[in-house]
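I have a structure here, written as structure tokens, and I will follow up with some questions on it.
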Amino acid sequence: MDRPRIGYAQRKRTRRIAAGCIAAVAFLALAWAVSRIEPAAPGVDAAVVFTDTVKRGEMLRQVRGIGTLVPETVVVIAASDAGRIERRFVQPGQPVKPGTILLELSSPQVEQEYLDAAAQLREGQAELANLQAQLEDQRLTQESLTADFEGQYLQAKAQHDADLELSKSGLTDQVTLMKSRVAMEQLHKRYELERARGDARKPSVEAQLEAQRARIEQMEALFALRQDKVDRLRVRAGMHGVLQLMDVEVGQLVAPGDELARVSDPSHLKAELKIPETLVNDVAVGQRAEVDTRNGVIEGEVSRIDPAAIEGTVLVDIRLLGEMPRGARPDLSVDGTIELERLENVLHVGRPIHAREESLMGLFRLEGDQTHASRVQVQVGKVSVSTIEVRSGLSEGDKVVLSDMSAWDAYDRIRLE
């Protein structure tokens, strides 16, 4: 017969409880271990990632801008008077000389003013000739009158001298002698008065002639001005160069001051670069520059910095010092680089996307396996066109990712595949 097993149920229940506790502890341990496992790093195609190595040494700090070649000498030719375009003689791009006629205008008002000024000048010249004739006639009349009184005086003097001699001989009386003396003295006074009157007329004659000559000079100046305005209806280049622009058409009405054409000297060009206003603070006149025309690089230097910013950029003029490459012409698009300074013995690396001067930015630094990269915070110092100064966060020899990694902002570690 079976014997009862005393305490078996109790032992079985104890074993079950112990096994459950062990299982629970094991599950909690496994859950804790799983929670400590980091998520797998996302994969990034290594072929599209650009990297660079941190170096120590000299860093050339530069700033870059785009722009165009423009002539140093540009003559803007404007309309001096209102008129109508009658003819065009030259097209943009053609060489011109100072006397080359570019346009011919018509202006009835200018032509009428010229004719009026010519008529006034002829009238003034005729008045001067008439005045000279009148004054000459008056002079001759006065001289004739003076000569007549001189003759009468000389006759009276001769008569008085004769009467005086006769009186000494007792052949004439004192009354006759007195009459001849009075007649002589009167005629002498008339003669002196007429001669003085003739002398007094000379300044008056000169004054009248000078006044008329001054009026004629005014008329000549006005005539020259009107003639010059007529001449300017035939618009000339005024310099050796190339016609750069002529934005008017035959039959078009123009007002005084309207631009008719531009003439430039293509042999002396400069570069006008647009530099971002955030980078222009360190640009100074005299700094070395290079201008890339896509057909050659030209040495230059900063010659002028515009005082105003337009649409976030500042215009900087570069005087070109080297020989112009073939194909260099006004309005040619160019790239320019200005050398700001050279930093000695600094950590530097290639410039990442969105790098800003004196800022803190996150970069992915490659780990030892050269497959994974972890995000580090880098203090950026000076910024150049293609390099940045590293103040902290990286060491010499570190390799970092310079490409745009904004798509992985949520991750602190990536894997290069």
Side-chain angles (χ1 to χ4, degrees), residues 33-66 273 275-284 287-292 294 297 299-302 335-417:
V34 170
S35 67
R36 297 291 294 177
I37 296 176
E38 295 183 358
V44 180
D45 187 0
V48 299
V49 171
F50 177 69
T51 61
D52 192 23
T53 303
V54 179
K55 305 178 184 64
R56 178 175 291 278
E58 182 186 71
M59 171 183 161
L60 178 60
R61 187 164 171 251
Q62 299 172 315
V63 63
R64 176 176 294 168
I66 60 173
L273 302 181
I275 304 298
E277 59 181 340
T278 55
L279 304 176
V280 80
N281 294 334
D282 294 329
V283 178
Q287 288 176 336
R288 182 178 174 273
E290 290 183 346
V291 176
D292 186 0
R294 296 163 178 90
V297 178
E299 297 279 338
E301 66 178 15
V302 177
D335 290 329
T337 303
I338 301 172
E339 181 178 318
L340 302 179
E341 60 179 332
R342 293 178 181 268
L343 303 177
E344 302 293 340
N345 193 30
V346 296
L347 283 177
H348 59 89
V349 71
R351 182 175 179 176
I353 302 297
H354 309 308
R356 296 195 309 272
E357 191 168 298
E358 302 296 342
S359 65
L360 188 67
M361 68 179 304
L363 292 177
F364 282 102
R365 179 178 58 190
L366 269 67
E367 298 176 358
D369 60 4
Q370 300 297 306
T371 300
H372 291 84
S374 301
R375 187 187 300 276
V376 294
Q377 295 298 313
V378 178
Q379 179 64 46
V380 179
K382 299 289 186 179
V383 174
S384 182
V385 173
S386 57
T387 57
I388 62 171
E389 178 191 5
V390 177
R391 294 276 177 84
S392 62
L394 295 173
S395 302
E396 184 178 359
D398 287 347
K399 204 168 186 179
V400 295
V401 177
L402 304 182
S403 304
D404 184 8
M405 304 298 288
S406 56
W408 289 271
D409 284 346
Y411 301 96
D412 290 331
R413 193 167 183 261
I414 60 173
R415 183 181 72 258
L416 301 181
E417 300 176 341

(message) Could you check whether any side-chain heavy atom of Glu58 comes within less than 4.5 Å of a side-chain heavy atom of Glu344, counting everything from C-beta outward?
(response) yes
(message) Using side chain to side chain contact (heavy atoms under 4.5 Å, CB included), reason through Lys382 and Val346 one step at a time and then give a plain yes or no.
(response) CA-CA 10 Å; Lys382 299 289 186 179; Val346 296; over 6 Å; no
(message) Any non-hydrogen side-chain atom of Leu394 less than 4.5 Å from a side-chain atom of Leu347?
(response) no
(message) Quick check: closest heavy atoms across Phe364 and Tyr411, and the distance to 0.1 Å?
(response) CZ-O, 3.5 Å
(message) Heavy-atom count check: over 12 atoms from other residues, nucleotides or ligands less than 6.0 Å from Arg356 CZ?
(response) no
(message) Using a 3.5 Å distance criterion without hydrogens, assess whether the side chain of Thr371 forms a donor-acceptor pair with backbone atoms of Asp369.
(response) yes
(message) With a 4.5 Å cut-off on side-chain heavy atoms, are His354 and Asp404 touching?
(response) yes
(message) Using side-chain heavy atoms (C-beta onward) and a distance below 4.5 Å, is Leu416 in contact with Leu366?
(response) yes
(message) How close do Met59 and Val383 get, counting heavy atoms only, and between which atoms?
(response) CE-C, 4.4 Å
(message) Minimum heavy-atom separation for Arg64 and Pro276, please, with both atom names.
(response) O-CD, 4.0 Å
(request) For Glu389 and Gly381, indicate whether the former's side chain and the latter's backbone hold a donor-acceptor pair under 3.5 Å. (result) no
(request) Report yes if some heavy atom in the side chain of Leu60 is under 4.5 Å from a heavy atom in the side chain of Glu339; otherwise report no. (result) yes
(message) Between Glu341 and Gln287, is there a side-chain heavy-atom distance shorter than 4.5 Å?
(response) no
(request) Could you walk me through whether Leu363 and Val401 pass side chain to side chain contact (heavy atoms under 4.5 Å, CB included), step by step? (result) CA-CA 7 Å; Leu363 292 177; Val401 177; over 6 Å; no
(message) Has Thr337 got a side-chain atom pairing as donor or acceptor with Glu290's backbone, closer than 3.5 angstrom?
(response) no
(request) Could you tell me which non-hydrogen atom of Arg288 sits nearest to which non-hydrogen atom of Glu299, and how far apart they are? (result) NH2-OE2, 3.1 Å
(message) Quick check: closest heavy atoms across Ser403 and Val48, and the distance to 0.1 Å?
(response) OG-O, 3.8 Å
(request) Indicate yes or no: at least one non-hydrogen side-chain atom of Met361 is less than 4.5 angstrom from one of Ile353. (result) no
(request) Could you go through the side chain to side chain contact (heavy atoms under 4.5 Å, CB included) check for Arg56 and Asn345 one step at a time? (result) CA-CA 6 Å; Arg56 178 175 291 278; Asn345 193 30; 3.2 Å; yes
(request) Report, as yes or no, whether the 6.0 Å neighbourhood of atom CG on Leu360 holds more than 12 heavy atoms from other residues, nucleotides or ligands. (result) yes
(message) Using 0.5 Å steps for rounding, measure from the CD atom of Glu357 to the CG atom of Leu279.
(response) 7.5 Å
(request) Keeping the roles fixed (side chain from Asp282, backbone from Leu340), state whether a donor-acceptor pair exists under 3.5 Å. (result) no
(message) Any heavy-atom pair between the side chains of Leu402 and Arg351 that's under 4.5 Å?
(response) no
(request) With Glu367 as reference, evaluate Arg413, Arg375, Lys399 under the salt bridge (charged side-chain N to carboxylate O under 4.0 Å, His left out) test and give the passing residue. (result) Arg413
(message) Checking the side chain of Ser384 only, and the main-chain atoms of Gln62 only, is there a donor and an acceptor separated by less than 3.5 Å?
(response) yes
